[in-house]
K.L.:
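I have a structure here, written as structure tokens, and I will follow up with some questions on it.
All ligand and atom numbering here is 1-based and tracks the order in the structure.
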Amino acid sequence: GGGRPGKAELQKARMRLSLQEHLWVFFQERVAIPSEEQAVARRAALDICAELRVFLHAKLPDMPLREMYLSGSLYDDLQVVTADHAQLMVPMILEKNLWSSIPGEDTIMNLPGFWLVRRENLEYFPRGSSYWDRCMVGGYLSPKSILEVFEKLVAGSINWPAIGSVLDYIIRPVVPSETLTLEVQYETDRRLYVDFLPLLVMEDGVSLIAKPHRLAAERHENLWRQSFRVAETAKLRALDQEDAGCRGTCLKVIKAVCKLNPALAQLSASQLTNAILLLSEQEGDWTQEALADRFMQLLRVLVGHLEAGRLPCVFNLKVNLFCELTPQEIDELGYTLYCALSDPESLLRT
Ligand code: GDP
């Protein structure tokens with residue numbers, strides 16, 4: 001220990017420095033989206049949202065919804081590479097005494113992070129007492145059935161060509177789509193994808209979204225997905241604010257790497273955010289100068305989580321954020337990232 005750094009250490013320092021530089025160049029050139037581009041995309045999403053509000057109020061005045069709103073990385077300054085997607089949240093109102101939520105671990109599926117929403121008191125409040133009874137399947141509120149209701153409306157009965165010509169966009173529903181998505185072409189070479197995302201906020205504050213389990217087996221069809229996105233994003237931001245840290249930058253870099261590299265496209269913002277939040281619990285130095293070190297460490301912990309086949313969610317450690325990946329996908333992701341450990345710059349050459 002002590003003394004002057006050896007040759008190997010100097011060599012290592014030089015390599016680290018150059019990775020640090022590469023990361024910042026990559027960030028400027030590929031990751032960050034010009035603010036004008038973001039503003040135009042947000043404007044287009046807002047126009048669509050306004051049209052849909054008017055349409056739904058007029059067409060279905062008794063559908064119990066709260067006001068729809070836009071959300072996602074485009075609104076949290078966490079979108080990368082191109083401003084091309086947003087979520088339109090559709091909060092549904094459920095009667096408290098008629099519906100209850102059951103955590104996935106207490107069901108036969110034993111799936112933490114997913115929930116069932118069960119219809120209660122059918123003997124006193126028969127079918128039809130709740131507007132949403134029409135979307136009940138086998139005694140449970142079916143997200144699939146809800147998406148179908150909205151799909152019929154949004155894809156079937158709205159005259160998008162007419163609205164598009166008024167707004168000067170080309171709008172078309174994307175079919176088939178796993179959720180319900182509108183494609184908005186707002187300039188000749190710019191497209192925005194707006195996902196329609198029905199949302200339940202339960203009494204205990206749990207947010208459930210109608211986004212199907214990826215490995216859609218029939219027995220999964222009634223499952224609602226718990227969303228931790230608001231908490232994840234807020235925590236990342238709060239930690240960065242405390243220490244002027246680079247977690248947000250690190251997240252945007254790895255998100256861009258995954259967006260630009262097809263072999264890594266399966267990794268989601270939520271998985272990457274949680275990996276960074278978990279790493280923050282064991283690593284204190286998130287200064288801007290440490291970006292390259294933390295980036296390398298992030299790659300290593302991701303490889304470790306993939307080897308274990310398990311990435312816990314920081315807000316509920318029972319939730320495995322890799323549970324929707326197949327073993328083969330996990331292997332392939334792990335292999336790609338493992339290879340990148342010895343040549344991280346290869347990830348930036350896209
Ligand atoms: P990005 O799309 O990779 O830039 O990441 P985002 O942070 O915008 O996350 C969007 C993804 O998270 C979509 O696939 C959504 O379906 C999913 N998601 C889960 N919960 C929420 C939520 O509460 N709000 C939004 N906007 N998206 C959510």
K.L.:
Tell me whether Asp47 is salt-bridged to Arg42, with the criterion being a basic N under 4.0 Å from an acidic carboxylate O.
P.N.:
no
K.L.:
Ignoring hydrogens and geometry beyond distance, is a side-chain donor-acceptor pair present between Arg300 and Gln297 at under 3.5 Å?
P.N.:
no
K.L.:
Could you pull out every N or O of ligand 1 that sits under 3.5 Å from a protein N or O, with the distance for each pair?
P.N.:
from     : atom 1 : to     : atom 2 : distance (Å)
ligand 1 : 2 (O)  : His85  : NE2    : 2.5
ligand 1 : 4 (O)  : Ser73  : OG     : 2.6
ligand 1 : 4 (O)  : His85  : NE2    : 3.2
ligand 1 : 4 (O)  : Lys255 : NZ     : 2.8
ligand 1 : 7 (O)  : Arg229 : NE     : 2.8
ligand 1 : 7 (O)  : Arg229 : NH2    : 3.0
ligand 1 : 8 (O)  : Ser73  : N      : 2.7
ligand 1 : 8 (O)  : Ser73  : OG     : 3.1
ligand 1 : 9 (O)  : Arg229 : NE     : 3.4
ligand 1 : 14 (O) : Lys211 : NZ     : 2.8
ligand 1 : 16 (O) : Lys211 : NZ     : 3.3
ligand 1 : 20 (N) : Ser227 : OG     : 2.6
ligand 1 : 23 (O) : Ser227 : OG     : 3.1
ligand 1 : 24 (N) : Ser71  : OG     : 3.2
ligand 1 : 26 (N) : Ser71  : OG     : 2.5
ligand 1 : 26 (N) : Gly72  : N      : 3.3
ligand 1 : 26 (N) : Gln87  : OE1    : 3.0

K.L.:
Checking Trp286 now: which residues fulfil side-chain hydrogen bond (donor to acceptor under 3.5 Å, both in side chains) with it, not counting sequence neighbours?
P.N.:
none
K.L.:
Using only heavy-atom distances, determine whether the side chains of Arg119 and Ser130 contain a donor-acceptor pair under 3.5 Å.
P.N.:
no
K.L.:
Enumerate the residue pairs fulfilling side-chain hydrogen bond (donor to acceptor under 3.5 Å, both in side chains) with a member in residues 142-160, sequence neighbours excluded, ordered by first and then second residue.
P.N.:
none
K.L.:
Once side-chain contact (heavy atoms from CB on, under 4.5 Å) is applied, do any residues pair with Pro143, and if so which ones, sequence neighbours excluded?
P.N.:
Ala210, Trp224
